[in-house]
Amino acid sequence: MEKKNCLILALDVTDRENALRIANEVSEYVDSIKVGYPLVLGEGLGIVKELAELAPVIADFKVADIPNTDRLICEHVFNAGADAIITHGFTGRDSLDSCVKVAEEYDRDVYVVTEMSHPGGVEFFRPVAETIAQMAADAGATGVVAPATRPERVRDIRKIIGDDLHIISPGVGAQGGSAADVINAGADWVIVGRSIYNSNSPADAAMKICNEMKC
Ligand code: C5P
């Protein structure tokens with residue numbers, strides 16, 4: 001994904017009309033649109049192709065299965081027009097390798113979750129976050145997902161993965177994280193959902209975050 005605004009929209013609305021309206025309004029401010037289960041379960045995987053006409057789509061399916069199932073999921077998602085997929089890493093290196101292999105075949109990107117941004121994200125993830133980050137680097141993933149709610153953890157993870165991998169970081173706004181703080185800590189992009197799509201003016205909200213980051 002090309003870095004212009006350092007902002008990824010998390011489009012967790014559940015209906016097509018709202019999704020396309022918001023995506024159109026903010027497309028000039030975002031480098032990518034992240035879609036996940038809420039929108040795809042609401043409207044079907046076909047929504048990916050429609051959104052991909054506005055911005056590259058990251059499919060946030062937090063893939064977490066055996067290698068063969070992961071392969072099938074990645075193939076479906078890339079065939080649907082997604083530019084990237086988010087996978088879990090705790091399922092192990094063989095599962096991640098399977099996703100990276102499909103991504104290479106399709107020339108697409110894979111981001112691996114290292115530690116989640118909500119309070120419960122520290123319960124099980126914290127002790128293994130660094131190991132997962134190292135595995136993502138070793139496996140040739142494009143980047144990792146690290147929490148904007150804990151910029152110090154983004155800094156820790158950046159030390160492990162070096163400068164070759166990207167960090168995309170959710171948790172800004174509704175979950176309490178600051179966009180400027182997490183970019184300063186080493187994230188490449190912030191991922192923002194509710195603070196934009198629940199705003200009366202999604203474009204103004206997105207522009208404000210861009211201005212704050214001065215990316
Ligand atoms: O609405 P909000 O800005 O909190 O949305 C954050 C988005 O990032 C949601 O789509 C959520 O599922 C996702 N996410 C997250 N923490 C992670 C990975 C993904 O909040 N570790």
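For this chain, numbers begin at 1 and follow the sequence in order. Indexing begins at 1, ligand by ligand and atom by atom, following the structure's order.
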Could you tell me, atom by atom, which parts of ligand 1 come under 4.0 Å of a heavy atom of Val192?
3 (O)
Short N or O distance, Gln175 and ligand 1, threshold 3.5 Å exclusive
yes
Hey, could you give me the OG/CD distance between Ser32 and Glu2, rounded to the nearest 0.5 Å?
12.0 Å
For Pro67 versus Ser98, what's the shortest heavy-atom pair and its separation?
O-OG, 2.8 Å
Using a heavy-atom cut-off of under 4.0 Å, does the side chain or the backbone of Lys62 touch ligand 1, or both, or neither?
side chain
Can we call the ring centroids of His88 and Phe125 under 6.0 Å apart?
yes
Less than 4.5 Å apart, any side-chain heavy atom of Lys3 and any of His166?
no
Compare Ile8, Asp60, Asp12 and give the one whose heavy atom is closest to atom 9 (C) of ligand 1.
Asp12
Charged N to carboxylate O below 4.0 Å: is that the case for Lys208 and Glu212?
no
Which protein non-hydrogen atom lies closest to atom 3 (O) of ligand 1, naming both residue and atom, and how far is it?
Gly193 N, 2.8 Å
What about Val113: any of its N or O atoms under 3.5 Å from an N or O on ligand 1?
no
Output yes when Glu53 and Lys49 qualify as a salt bridge under the 4.0 Å nitrogen-oxygen rule, no when they do not.
no
Please evaluate residues Cys6 and Cys215 with respect to the criterion disulfide (SG to SG under 2.5 Å), reporting the C-alpha separation (whole Å), side-chain torsions for both, the decisive distance (0.1 Å), and the verdict.
CA-CA 6 Å; Cys6 299; Cys215 147; 1.9 Å; yes
Which of the listed options, His88, His118, Arg194, Met116, holds the heavy atom that is closest to atom 2 (P) of ligand 1?
Arg194
Per-atom contacts, ligand 1 versus Glu115 - under 4.0 Å to a heavy atom
21 (N)
Going by distance only, is there an N or O of Lys34 that falls short of 3.5 Å from an N or O of ligand 1?
yes
Phe78 pairs by side chain to side chain contact (heavy atoms under 4.5 Å, CB included) with which of Val102, Val48, Asp109, Ile73?
Val102
Side chain, backbone, both or neither: the part of Ser117 lying under 4.0 Å from ligand 1 by heavy atom
both
Counting heavy atoms only, name the option from Pro147, Ala174, Pro170, Pro38 that's nearest to atom 14 (N) of ligand 1.
Pro170
